[in-house]
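A quick write-up on the structure given underneath.
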Amino acid sequence: MPELPQSLARSWSSTLKLPKSTFPPRVSPADQAKYLPRCTDELYAWQRRARPAENTFILHDGPPYANGELHVGHALNKILKDIICRVQLGRGKRVDYMPGWDCHGLPIELKALQGQNGLGGHTGTAGAAEIRKAARKLAETTVKEQMKGFRRWAVMGDWEGHYKTMHKEFEMEQLGVFREMVDRGLIYRRFKPVYWSPSTGTALAEAELEYKDDHVSTAALVRFPLAAIPSELAGHDGLDLGKLSAVIWTTTPWTLPANAAIAVNESLEYTVVRSEKHGQLLIAKSRLEYLQNMLKEDLDVIVPAILGSELQGKTTYRPLFKDPDAQPQPIIAAEFVTAESGSGLVHCAPGHGMDDYEVCLTKGIAAFAPVDDEGKFTDKAFPSNPQRLSGKPVLGEGNNTVLQYVDSQGQLLAQHRYEHKYPYDWRSKLPIIIRATEQWFADVADIRDAAVNSLKEVRFVPSSGQGRLESFVKNRSEWCISRQRAWGVPIPALYHRGTGDAVLTKESVSHIMKVIEERGIDAWWTDDANDNAWIPPSLQDPSGPGYKRGTDTMDVWFDSGTSWTQLDITHRKGKQPADVYLEGSDQHRGWFQSSLLTYIAHQLASGKSDTPKAPFKNLITHGFTLDEDGRKMSKSIGNVIHPDSIMDGTLLPPLKQKKGKSKKQPASSRPVYDALGPDALRMWVASSDYTRDVVIGQQVLQTVNISLHKYRVTFKLLLGALGDFDKTKERAYGELHQIDRIALLHLANLVNTCRSAYDNFEFYRAVNAINRWANQEFSAFYMETIKDRLYTEAEDSSSRRAAQTTLFHIYHYLQEILAPLTPLLVEESWEHTPEAIKAQCEHPMKRITPIPPAEWLNSTLEQDFPDLMAVSSVIKALQEQARSKKQMGSSLQSFIHISLPDKSVDGSVFHQYLPELPDLFVVSSVTLSSQGEPVPAVIERAEWHYSETFQLPDGRQGTVYVFAPQDSKCVRCWRYMVPETSTNEDMLCQRCEDVVRELDALETSNAAANA
C-alpha cells in the first residue's frame, strides 16, 4: 500500500462515523414533566378527534373508593387498564376510558363522622344532612387527590369527564335502573335474616364480608326436654318421657333465646341413651362416641335406633327462654342436618340463620330476632326475666349470660372453645351476626339463568374467573340492597304512617325522581318530614295519616353496579357491552357480579332482549400486591411501598448488617434508585404476571431499573446510528446483508410475540421477549456485528445504508411495542429523533402498528442462525482462554479457521455466509476447510492458537481454530490485514484508505466551493 500524503495524517477517529445523539443517558425530572402531558392528555384528546367513533374500544373503569391514599394496588389496577388502552390505540382504535369513583357508602361516612365530632345519628334528618355534607366534601377532596396521583402515573383518560357515583346525573341513571327492576317485580321487602354488622349498624351483602379462618367461638352441647314423642318411641322399655331430652350442638349460644324448632335428618338413625348425670338423651347414632367423649362417661343405650323421619312432625320439646306456659316447639326435618359434626340435631333460630329461615318458612314458623341494631339483646329475648339479657352484646357478655342461664337450669351438657371460619365486616374488621330485619331485596333467582348464560360469550382472563363468577351467581337467590346509613342514594320508598306498609311502584318512583331532579337528592333528607311534594297525588289523602319518606340507602354495590349507564358508545349510553372490565379477583363477588345482575335486569325489564348480554366482552382479574416475603402490605408490618417512592427513586434498599452489628447506616448514605419516573412503576406492572398475587420489592424493582436503562441505551444507540439517515436512503430487503435479514427476522419474531402477548393481555410475556431481544439479539448479536461497517464504511456506502435501514426498522418497531408500556421513554425518544426522520414518520403513539412484512420471516435464515451461533459460542469461549492468558484483547485480534463436518465447503451454510462471517463473529478473518482437509500451516506458525470441537443442532461435529494474526492492524478500523494489503502497522487497510481518500477529496471540494 503506498504511503498516504501528509495531508491525511490526522486523528483517525475523526474519520469514523461514530454515533452521535442528543438523547440523554439518564432521565431528567424536568423533561419528564414536559413529556407527561404530551403522552397522556394531549394524546387522548388527539385520538378522540382523529379516530372514528364507530371504531371505539371501551374499557369501563371499576370505581375505586374515594376514601384514602393511593397504594401500589391502585397502581397495578390503573396501569394495567392504561396499557390495554394504549395497545388498542396502536391498533387504530379510538379509545374511550372514563375514570370513575365510588363515592357513597360506609367507608366515607365513617371517615366523615370521625372528622365531624358532634354529628347526630344517621337516622335523623338533621344528623343525616350534616353527615352527607361532610361525606360529600371528603369524597370531593379525595377524588381530586387520587386523580392527581393517577395522572402522574401516565394514565390517560377522560379525566375532565370522569364519573362519580354522587354526581346527580349518575344518581338519576341509577334510580332509572332501579325503577325498571321495580316495574318488573324484582324489588321486594321482607323480614328475614341478613348479614348484620353491629359495629357499623347496617345490613351487609355477601360481597361486603371477609372471612377470618381463626375466629374462636364457644361451642355448647345443650339439652331440650321433650314434651311429646312418637308412639314408635314411647313403647320402649326403660324410656321415661319426663327424663328425656334432645341434644343439640351450637357455636352461637346467643341464638338460643330465638330458638323456634329443632331439625333432624329424615334418613339418619337416632338413638336414646342414659346418662347418670343428665338423664335420657336423644342423639344421632353416629355421634354417640362424640357425646361420650364430651360427657366423659359411658352411656347405656335404651333405644338402639329410630329414623329421623319417625321423629319429625311427631315430637315436641319445651323452649328454654320463653314463659313456662309457652307452647312446646316442634322437631322438624331439614336436609342441611348432617352426621359429620355436632349431635345430629340442629337448633333452628329462623331469625338468625339463612337455612333455618328457609326451612321454618315452609313449616309456617315465624322468624324472631330479639337483637337490636347494635347487636344487643332486647327485652323480648327473655320475656319472663328481661333484665337478665337486655342490653348485653350478643357477641360478648350476652353470649356468656345465655350459657350461664342454661347451665343454671341444668341443661348445659358441655362447652368448649371452637376455632372456625367466620364472617367479618370488611370495613370495620369486626365480626358480624345474622339477624332478621325488614330489608329491601332484589330477586336474583328470576334473572340468574339469563346472567349465567350471558357469561358463555365472555372471555375470562384468567379462564378460572368464569367458574368463580358463575358460582357466585348460581348460589345467590336474592340480593339485600338496603342499608341503614345516611350517605348514599335513597331507596325511594314511602311508608304509611299508620300501618308502616311500604309503597314502591313505578309510579311512586317516577314521581320521586321528578322531585329529586328539581330539588337535588339531599332534599330527601333535608325537606320537612311532612312535605307532601314527595307523595304522588294518588297516595295523598288529607283525612288519613299520610306517608313518610324512608331512610334506607342503596347498597353501594348497586351504585357502582349501574356504572355501565355512563358508557358513551357512539352516543348510545349503555346499550352495548364494554370491551373490557378489569379489577381485582375479589370483585367476582362484588362489582363484576353487581354489574352483571343490574345489566341483565335492565335488558329484561326494558324488553330490549330475551337473551341479554353481559356488560363486558372481556373480564380480566388481577391478584393482590405482596412484599418480597409474600406478605400483604401492612402499615403495622412496615412493608408498605408507596408508588411515588418507585417513581422518585426514593425507595431505600434494605441494609445488610454484619454479624454482631446492629448500628444502622445513616439514611443519607444509603443507596437509592434512579428517579425513572412513571415508566419505572409501569414496567413493574407490565413485567408482572398479574393473574396471580404480584410481588413487589427490592429485587423486583432492581430488575425493572436494569430493563429501563437497557431500553435507554438501545434508543441512544439507534438514534446515534440514524443521525444522517432518512427514508430516501432506505435500502430494499434484497439489498440488505444476510446479517441484516437475520436481525429483521429477530425483530419480526419479537413484534409478533408482543402482538400475541398484548392480544392475550399477557404483558409480562411481551416484557420478557423485549428484554431477551434487547440483551441478546440486538445488543450481543446485531450491534456487535455491524459496528465495523456502520462506523468505518463510507457514509453513503450501500453496506452502511443497509445497516441503517435495518436499524431504522428496529427503531420504528421498538417505539411501537414499548409505547403501551413506557410512554414517557417513547415520547422522549421521539423528541430526540433526527428531524429528517420526524418529517417522514408519524408520532410513534399515533401510528397504527403494522404486522412485519412476510419476507422478513425467512425460514431459511431461521434454520441457518442456530448453526452460526453454535460456532460463535465456541469461538467466544476460545477467545476467553486467550484473554485469560493476556494473549489478546479485542476479538478483532484473532483469526478464525473452521473445519466443517461437510465433505465439501461449497454447499455449507458457512460458505454462503463467508463474506459476512468476520462481521458476524467480530474477528479479522475467517477461513473454511472441509472434512478431511489438512489444517492450514498458518495456524501452527501463529504466536498462539486454540481449538475446540463444535456440534451443530443436527448433531454433526466440526472443529474451530482461533489463532493470532501474523499481519498488521489497521490503525483506523483495527482489523488485522492480510499480507498483500499491508506494509507496516501504521498503514490503513485498503477499505479504510479508500474511505479516507474520499473524505479528503470531499473536504478539498467543499473548501474550494467556500472560497
Side-chain angles (χ1 to χ4, degrees), residues 737-739 742 776 780-789 792 861 863-971 973-982 985 989-991:
H737 291 204
Q738 290 288 79
I739 290 174
I742 289 174
Q776 298 174 16
F781 168 67
Y782 188 62
M783 279 307 297
E784 284 298 308
T785 64
I786 64 167
K787 280 180 181 177
D788 179 75
R789 58 186 169 117
T792 64
L861 294 177
Q863 295 168 4
D864 293 347
F865 188 68
D867 286 1
L868 299 171
M869 289 301 98
V871 172
S872 178
S873 62
V874 175
I875 291 172
K876 285 179 169 53
L878 294 175
Q879 288 172 333
E880 284 305 309
Q881 291 185 40
R883 284 195 185 94
S884 67
K885 296 182 180 180
K886 312 289 186 186
Q887 291 170 326
M888 65 167 277
S890 165
S891 60
L892 292 172
Q893 197 177 342
S894 60
F895 279 8
I896 305 298
H897 180 75
I898 306 172
S899 179
L900 299 172
D902 306 294
K903 292 184 179 179
S904 171
V905 170
D906 293 348
S908 71
V909 169
F910 296 92
H911 185 262
Q912 296 172 31
Y913 283 82
L914 185 58
E916 297 184 50
L917 289 183
D919 283 343
L920 195 148
F921 297 140
V922 197
V923 296
S924 287
S925 173
V926 179
T927 55
L928 305 175
S929 65
S930 61
Q931 188 181 44
E933 288 187 35
V935 176
V938 66
I939 296 176
E940 297 297 331
R941 294 198 304 269
E943 182 180 340
W944 53 265
H945 72 270
Y946 296 91
S947 63
E948 183 68 61
T949 299
F950 65 84
Q951 181 171 305
L952 298 177
D954 63 6
R956 293 178 301 147
Q957 293 185 337
T959 305
V960 169
Y961 298 87
V962 176
F963 56 99
Q966 298 177 353
D967 310 305
S968 301
K969 182 174 77 171
C970 174
V971 294
C973 71
W974 291 14
R975 286 205 175 190
Y976 286 75
M977 301 170 288
V978 292
E980 60 264 29
T981 62
S982 64
E985 60 184 31
C989 66
Q990 187 65 58
R991 179 190 62 173

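Computed from heavy atoms alone, side chains included, the values below leave out hydrogens, waters and symmetry copies.
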Flag side-chain contact, heavy atom, 4.5 Å: [X] against [Y]:
X      : Y      : result
Ser925 : Tyr976 : no
Ser930 : Leu900 : no
Leu920 : Met869 : yes
Val935 : Ser899 : no
Val923 : Phe895 : no
Phe910 : Asp902 : no
Leu868 : Leu917 : yes
Val871 : Phe921 : yes

If I take atom [atom1] from residue [X] and atom [atom2] from residue [Y], how far apart are they, to the nearest 0.5 angstrom?
X      : Y      : atom1 : atom2 : value
Ile896 : Thr927 : CD1   : OG1   : 9.0 Å
His897 : Ser947 : NE2   : OG    : 11.0 Å
Leu892 : Cys970 : CG    : SG    : 10.5 Å
Gln957 : Gln951 : CD    : CD    : 5.0 Å
Asp867 : Leu952 : CG    : CG    : 4.5 Å

By salt bridge (Lys or Arg N to Asp or Glu O under 4.0 Å) - contacts of Asp954 (at least two apart):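 Expected list: Arg956.
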Suppose the criterion is ring pair (Phe, Tyr, Trp, His ring centres under 6.0 Å): which pairs have a residue in residues 938-958, not counting sequence neighbours?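 Listed once each, the pairs are Trp944-Tyr946.
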Test your reading of the model: is there a side-chain donor-acceptor pair from Glu916 to the backbone of Gln738, 3.5 Å cut-off? yes
Under 3.5 Å: donor-acceptor pair, side chain of Thr792, backbone of Cys973: no
Please work out which of the three classes, parallel, tilted or perpendicular, describes the rings of Phe781 and Phe865, given edges at 30° and 60°. perpendicular
Of all the heavy-atom pairs spanning [X] and [Y], show the shortest one and how long it is.
X      : Y      : answer
Pro953 : Pro866 : CG-CB, 3.7 Å
Glu948 : Leu878 : CB-CD2, 3.7 Å
Met888 : Ser890 : CE-O, 3.1 Å
Pro915 : Gln912 : CD-O, 4.0 Å
Pro918 : Val926 : N-CG2, 3.9 Å

Worked check of salt bridge (charged side-chain N to carboxylate O under 4.0 Å, His left out) between Arg975 and Asp919: CA-CA 11 Å; Arg975 286 205 175 190; Asp919 283 343; 2.4 Å; yes
Per the side-chain contact (heavy atoms from CB on, under 4.5 Å) rule, which among Gln887, Gln879, Arg883 passes with Ser894? Gln879
